[in-house]
Amino acid sequence: MDRTACIDIPALPLQLLLRRRPEWCGRPVAVVAQDKPQSPILWVNERARSASILPGMKYAAGLSLDPDLCAETVGQPEIDTAVLDIHRRLSRYSPVVEPSPDEPGIFWLDASGLGNLYDSLKTWATQLQRDLQAHGLRAVPVVGFSRFGTWAVARTRRRVTVLASNKQERMACNNVQLRRLPIPARVLQQLEHLAVSTIGDLVRLPATGVRDRYGDQVWQIYREARGEIRRPLRGQVLPVPARRRQYLDDAETNQERLLFLIKRLLHNIITELEAQQELVCRLHLVFVLEDGQRVQDTIQPAVPTWCRRTLLDLIRLRLASIPVRSGIVELTMTADSEPVSPRNRDLLERHKQRDQDAAQRAMARVRAEFGAEAVLQPRLRPGHLPEARVTWEPFSELNPPRAQVVQQPSLVRRVLARPQRLQQPPLCAPAAVDERHWPARLGSYLLSGGWWQQLVRREYQFVARSGGGIDWLYFDRVRRRWVRQGRVE
Amino acid sequence: MARPEAVIQQQAAFPSQARATVRLLRAGMPHPQRLSPHAGVPGYLPDAPGQRRWDRQALAGRLCELSSTDGDGLLSGATQLVVDAQAEGEFVAWISAMPDTFFAPDAVESGVDLGALAMVRVDGAQAAGRVADKLLRSGAFGLVIVDLGASAILPTPLQGRLLQLARAHDSALLCLTRKARNHPSLGSMVSLRGQVRCERLGDSRFRVEIEIVKDKQHGPGWVVQREYCGPDGLH
């Protein structure tokens, strides 16, 4: 039988703050969004709550209620690191661990098949709770059968709970107060007016209107409580640090030879990280010496990088200062990495910096061989007709690129250098151009102008070809003929 | 039966099931991959580990070909590669072996920086190949696109030189051709070939799909998709 466990680490940011500041135990403590007097309070402990300091208040207001209030920020990187650390610990208790993407501090574990490892599920959950407690975190494990059921019950318990059957889980879940769930206060008030205060009361409501009246959040809870949505556990794979180890037959004392070995390990690690699109943030080096001594050190580049030269230089500088009394017999290199983002992409090593002058010289050679009319640069002009919107000027200079990545790019048309006159109207075209019902037509627009010089009146149409593709045509009303301007490619 | 989105996410997590993914695509189900993803840019999906990418870095050092039966999707797919290369800070050259070429305002709408795009227009595939040779040899261009059209032939020795130059300078060389999926590629030196097509999803919504029919590094069968809007007037 599949068993699911939910581990609730309540108010994780607050617990992290108290772990960082043990001297604040016994005092009113709050987590604030920013280090400013007008910053809103995000989390409070019981001591602060008893002084009527509540989340949502400004820090200055809380301070006026209790001058002893202690507050600090807890940044997202710290929370992410803590979640990763907790995930690593919980991985020792179950192969499938899924952290909640919405609420840091909520983890679901697969508790099936643990009968051969632990006396009972209660023993398993208690050991898990003690492990987290030993690292300064208070957790509430609830073992049940469903993701929603265990999550809801965990919000009301303070001790390890093992639900024996589906029925027991359902009953416990139905008794959970709605104010324990992340439901907006306004919606809670509305539900309380209808005497709906528990999950059991909520599921008894008719489905019609729940979403419209109370919003998507309540609708989601409603459906999950009724068992209409059952999401399977999706364990997250922990990132494994890139590591290489080299054992040496003879103790090595020569720094140059050592660097050569390190270079090889570094190359392998960076190749692995490049394939994963991750950059090196830190390198941990561990040398085991002939006399058993272990020397550890960490190299950190200025920015996360793939640049082997940069990292090797840093290692060379550090090696010169590490006291090595006897030869090295074992060398381990571990890399801390982070995913590549456009901000931290290192262009220097990934592809060497392109030489703009070399590009100009290459274009000059092409011009010399093929003529000036072959080497061009497009320039946009204000105009309406397609031929008036672009000029092709002789190439002069190549500028450093400044491309913009757009959310939804446009299809690109191919424009015929010489628009092609159609001998007959396009297939499926109606007899009259004004005909509205034209199934193959995908759009149209009218261009008209030049009346002061030479009247131009074109009715552009995008027409789907029978064999596939979209033609870009226009009907020249002045000359009364169809012309293919190009294609949409 | 699992919801299609859930099935596709599971499929996408295991590259060895690429064929099953293609079956899903042919059945008309959406695929989570996108052309040229950039982290943090709305509209892009981040790569899951193991997913193949169609961007300049994935094509660097290789001779690649992008084909289309009627040409639909060809310029749009290539333009995104130009945007991707320019976003990396690379210079891009576009060599056209025919007088017809892309409509520049549409390229600008897609994010191309025309001031950083070198354009060469010559007559014929062989001339285009010689231009590509010169530009790649400089080492200054991170992406060179050669628009060859239909029935294009590049001599094998020329292809070999171009491949060596692309490798030496970590440049991507992409040839655009107009041919059916079952027609052979330009030559054995082509390391990656994609067959592109475009389909209309709805009002001013189009999907360009590139199916990789030849990939010497990772094996064929993977697909990349991207949603586009139509140019002004196209619904």
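None of the values given here were measured: they were computed from a predicted structure. First the proteins, then the strands, lettered A, B, ... as listed; each starts at 1.
- The minimum heavy-atom distance linking A/Gln377 with B/Gly115 is given by the pair NE2-O, 3.3 Å.
- Of the two parts of B/Arg200, only the side chain, counted from C-beta on, holds a non-hydrogen atom closer than 4.5 Å to a non-hydrogen atom of chain A.
- A/Glu489 is not listed as a side-chain neighbour of B/Phe102, based on a closest heavy-atom distance of 4.5 Å or more.
- Of the atoms belonging to B/Cys229, heavy atoms from both backbone and side chain fall under 4.5 Å from chain A.
- Put simply, the side chain of A/Leu411 does not reach to within 4.5 Å of the side chain of B/Asp106, judged on heavy atoms.
- Here B/Gly142 is the residue among B/Ser204, B/Ala85, B/Gly142, B/Gly230 with the most heavy-atom pairs under 4.5 Å with chain A.
- Counting heavy atoms of neighbouring residues, nucleotides and ligands inside a 6.0 Å radius, atom CG of B/Asp232 does not exceed 12 of them.
- The residue among B/Arg178, B/Arg205, B/Met98 with the most heavy atom pairs within less than 4.5 Å of chain A is B/Arg178.
- The most heavy-atom pairs under 4.5 Å with chain A, out of B/Cys198, B/Ser96, B/Ala104, B/Ala78, come from B/Ala104.
- Across all non-hydrogen atoms, the minimal contact from A/Met363 to B/Ala118 is CE-CB, 3.4 Å.
- Closest approach of B/Lys134 and A/Ala362 over heavy atoms only: O-CB, 4.1 Å.
- Between chain A and the options B/Val196, B/Leu74, B/Ile95, the largest number of non-hydrogen pairs under 4.5 Å is found for B/Leu74.
- Residues B/Asp100 and A/Val415 are not in side-chain contact: their nearest non-hydrogen atoms beyond the backbone lie 4.5 Å or more apart.
- Proximity of B/Arg121 to A/Glu373: side-chain heavy atoms (C-beta onward) are nowhere separated by under 4.5 Å.
- Counting heavy atoms from C-beta outward, A/Phe395 and B/Met119 have side chains that stay 4.5 Å or more apart.
- Both the backbone and the side chain of A/Pro378 have a heavy atom closer than 4.5 Å to some heavy atom of chain B.
- Interface remark: of the candidates A/Arg413, A/Glu397, A/Arg367, A/Gln356, A/Arg413 forms the most heavy-atom pairs closer than 4.5 Å to chain B.
- When heavy atoms are compared at a cutoff of 4.5 Å, B/Val120 approaches chain A by way of both its backbone and its side chain.
- Per-residue heavy-atom pair counts under 4.5 Å with chain B were compared for A/Ala359, A/Ala374, A/Pro386, A/Gly486, and the maximum is reached by A/Ala374.
- Between the B/Ser110 side chain and the A/Ser410 main chain, a donor and an acceptor come within less than 3.5 Å of each other.
- By the 6.0 Å contact criterion, CD on B/Glu109 is open, its count of non-hydrogen atoms from other residues, nucleotides or ligands being 12 or less.
- Between A/Glu369 and B/Arg130, some side-chain heavy-atom pair lies under the 4.5 Å cut-off.
- Contacts of B/Asp123 with chain A are absent, with no heavy-atom separation under 4.5 Å from either backbone or side chain.
- Looking at A/Val390, the atoms closer than 4.5 Å to chain B (heavy atoms on both sides) all sit in the side chain, from C-beta outward.
- Highest contact tally toward chain B, considering only A/Arg379, A/Arg389, A/Arg231, A/Gln276, is held by A/Arg389 [criterion: heavy-atom pairs under 4.5 Å].
- Contacts between B/Thr79 and chain A at a heavy-atom distance below 4.5 Å involve the side chain alone, from C-beta outward.
- Contact annotation for B/Ala127: both backbone and side-chain heavy atoms come within less than 4.5 Å of a heavy atom of chain A.
- A/Ile470 is not listed as a side-chain neighbour of B/Asp72, based on a closest heavy-atom distance of 4.5 Å or more.
- What you find for B/Ala116 and A/Pro400 is that their closest heavy atoms are CB-C, 4.2 Å.
- In this structure, the portions of A/Arg414 lying under 4.5 Å from any heavy atom of chain B include both its backbone and its side chain.
- Between the CG atom in A/Leu416 and the OG1 atom in B/Thr101 there is a gap of 11.0 Å [rounded to 0.5 Å].
- For a residue to count as touching a neighbouring chain, one of its non-hydrogen atoms must lie under 4.5 Å from one of that chain's; by this rule B/Phe206 touches chain A with the side chain only.
- Counting heavy-atom pairs closer than 4.5 Å to chain B, the top residue among A/Arg487, A/Arg365, A/Arg361 is A/Arg487.
- Using a 4.5 Å heavy-atom threshold, the side chains of B/Phe91 and A/Gln360 count as separate.
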